[in-house]
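The structure appears right after this line, and notes come after that.
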Amino acid sequence: MPLLAEMEMNGVLLDRALLNEMSSSIGADMLRLETEIYNAVGHDFNINSSQQLATVLFAELGLQSGRKTQSGYSTDATVLEALADAHPVIKFILEYRQLSKLKSTYTDALPMLVNPRTGRIHTSFNQTGTTTGRLSSSEPNLQNIPIRGELGSKIRQAIIAQPGWLLLSADYSQIDLRALAHISQDAELIATFQRDEDVHTHTASEVFGVPDSEVTPKMRRAAKTINFGVIYGMSGYGLQQATDLTREEAELFISTYFSRYPGIKSYIEDTKKQAAKLGYVQTVLGRRRYIPEINSTNRLAREAAERMAINMPVQGTSADIIKIAMVELHRQMIKRDMKTRMTLQVHDELVFEVLPGELEAIKQLVQDIMPNAMKLIVPLKIDIKVGKNWGDMS
DNA sequence: AACTAGGCT
DNA sequence: GTATAAGCCTAGTTG
């Protein structure tokens, strides 16, 4: 029996042959990279050890060390990327790291978690594991299956429907920013969604002072970073780190953003004040998160608490919305005695394993229920895709 | 068990 | 002077 705090859903099927083949080919690539790395460095060492790697890079090769961790110099991807032109071994290490992650966490691990009785993977969806109201997923975590890059997308293709069936994915479009528009009541952000515009393009247009039609990909990318950054309480420094802007440009970018979206600025200020006064913040539905550190005399601790306070109502409201949709969808599927099953939730996305004869019915249900799960001041939109696996859908 | 790193939304 | 973007889970290394 699962704990009350877990949902045991139907499980998903794996293309084991695909994963097997990927494990082998990744393993072969890693061996090649290993040799390249040892040659470039002049000796063997454990590439998986960040400690040993730091010694090699910063003490032996004399590369410029950067950020420090608690125990020494960081060798994470942002540090290595900055060193990519300084020594040929860096690119090999970055590639090795990527392959190592995908192999150990996914292509090797997933097949071992197939239940011999059902032939499926049964993750646990933990309902009490987060501070914001999101679900989490474990053993295995099916909420962090790779999607980026050729290999990532290939791993996702290994999550398949049973023969003759289909997977349907329905994801909310920009749900966090729509929740933010609702909570903050910012006029400009509300108008963007009411006009059904591309939110990142529109932010770029506002901040750079050009028409939407003249927003370049680079401008849109910067706007996207700030749109997400705002939800997380990002600083000028943080924006600078995440983009190729200078510190001054980043500061200006943020202050311009707040002048164009004054409701967002007030939301952030009001939320910090409310949290300090009450000791908690809450979602639209009243789900609370207590944040005792909000009044800490330690500035770092207090500022971290402020960012949590800013983020929780947004992330938590999105979680409330998709949970309502899940409950209602489940009810309606039972009522219609459908064979189609809800199989995964990934924060703003639901995945169903669909009997083809029920495809139109489930599409209709999803389209009726998800956008109407909660009435916000802006519309909720979803995108629906269908395919034989989770990797290529249209 | 703590730490580092990296996968996802 | 210092650190600086929310929420998770898993794997490998180290002591």
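Side-chain atoms are counted along with the backbone in the values below, which use heavy atoms only and exclude waters and symmetry mates.
- Linking ILVMFWY residues whenever their side-chain heavy atoms come closer than 4.5 Å, directly or via other members, places A:Leu177 and A:Tyr267 in the same cluster.
- If A:Glu303 and A:Ala109 are placed on DNA chain C by their nearest nucleotide, the residue sitting closer to the 5' end is A:Glu303.
- Taking a 4.0 Å limit (strictly below) on heavy-atom distances, residues 37-49 of chain A reaches DNA chain C at A:Asn46, A:Asn48, A:Ser49.
- At a cut-off of 3.5 Å, with distance as the only test, a side-chain donor of A:Asp198 or A:Thr201 sits close to an acceptor on the other residue.
- A:Asp108 has its CG atom 16 Å from the P atom of B:dG7, to the nearest Å.
- For A:Arg32, the salt bridge (charged side-chain N to carboxylate O under 4.0 Å, His left out) partners are A:Asp29, not counting sequence neighbours.
- Taking CD from A:Gln315 and OG1 from A:Thr132, the interatomic distance works out to 4.0 Å, rounded to the nearest 0.5 Å.
- A:Ile160 approaches A:Gln157 most closely through the heavy-atom pair CG2-O, 3.4 Å.
- A:Pro211 and A:Ser205 get closest at one heavy-atom pair: C-CB, 4.1 Å.
- Atom-to-atom, NZ of A:Lys154 to P of B:dG7 comes out at 18 Å; the value is rounded to the nearest Å.
- The distance between atom CD1 of A:Ile322 and atom C1' of B:dT9, rounded to the nearest whole Å, is 10 Å.
- Classified by interplanar angle (parallel below 30°, tilted 30° to 60°, perpendicular above 60°), the ring pair A:Phe208/A:Phe253 is tilted.
- Going from atom CG of A:Leu350 over to atom P of B:dT9 covers 14 Å, rounded to whole Å.
- A straight line from CG of A:Asp383 to C1' of B:dT9 spans 15 Å, rounded to a whole angstrom.
- Taking 4.0 angstrom as the limit, A:Arg97 places a side-chain polar atom (N or O) nearer than this to OP1 or OP2 of B:dG6.
- Between the side chain of A:Glu358 and the backbone N or O of A:Lys339 there is at least one donor-acceptor pair closer than 3.5 Å.
- Within residues 50-83 of chain A, the residues having any heavy atom closer than 4.0 Å to DNA chain B are, in order of number, A:Ser50, A:Thr69, A:Gln70, A:Ser71, A:Ser74, A:Thr75, A:Asp76, A:Ala77.
- Residue contacts shown for A:Arg307 are limited to sugar-phosphate atoms, with no base heavy atom under 4.0 Å away.
- For the pair A:Gln143 CD and B:dC8 P, the interatomic distance rounds to 13 Å; values are reported in whole Å.
- Between the CG atom in A:Leu53 and the CG atom in A:Leu80 there is a gap of 6.5 Å [rounded to 0.5 Å].
- Under the 4.5 Å side-chain heavy-atom criterion for Ile, Leu, Val, Met, Phe, Trp and Tyr, A:Val207 and A:Phe193 are members of the same hydrophobic cluster.
- Of the P atoms belonging to C:dT4 and B:dC3, the separation is 15 Å, rounded to the nearest Å.
- Near DNA chain C, meaning a heavy atom under 4.0 Å away, the residues from residues 295-302 of chain A are A:Arg299, A:Leu300.
- Ring pair A:Phe228/A:His200 is tilted by interplanar angle, where 30° to 60° counts as tilted.
- Within 4.0 Å of A:Thr105, counting heavy atoms only, lie sugar-phosphate atoms of the nucleic acid but no base atom.
- The OH-P distance, from A:Tyr106 to B:dC8, rounds to 6 Å in whole Å.
- For the segment residues 238-269 of chain A, residues with any heavy atom less than 4.0 angstrom from an atom of DNA chain C are, sorted by number, A:Gly238, A:Ala242, A:Arg247.
- Of the two residues contacting DNA chain C, namely A:Thr130 and A:Ser235, the nearest-nucleotide position lying further toward the 5' end is that of A:Ser235.
- Heavy atoms only, all atoms of each residue included: A:Gln345 and A:Phe125 are closest at O-CE2, 3.4 Å.
- When heavy atoms are screened at a 4.0 angstrom cut-off, A:Ile310 is found touching no nucleic acid atom at all.
- A distance of 12.0 Å separates CG in A:Asn389 from CG in A:Leu13, rounded to the nearest 0.5 Å.
- Smallest separation of non-hydrogen atoms from A:Ser138 and A:Asn126: OG-ND2, 3.2 Å.
- Separating the C1' atom of C:dT2 from that of B:dG6 is a span of 26 Å, rounded to the nearest Å.
- A:Ser173 and A:Asp383 form no side-chain donor-acceptor contact under 3.5 Å, judged by distance and modelled atom types alone.
- Side chain of A:Asn372 to main chain of A:Asp368: a donor-acceptor pair is present (N/O by atom type, distance under 3.5 Å, no hydrogens or angles).
- At a cut-off of 3.5 Å, with distance as the only test, no side-chain donor of A:Thr343 or A:Arg120 sits close to an acceptor on the other residue.
- Separating the CG atom of A:Asn144 from the P atom of B:dA5 is a distance of 18 Å, rounded to the nearest angstrom.
- Nucleotides of DNA chain C with any atom under 4.0 Å from a heavy atom of chain A span, from 5' to 3', C:dT2 to C:dG15.
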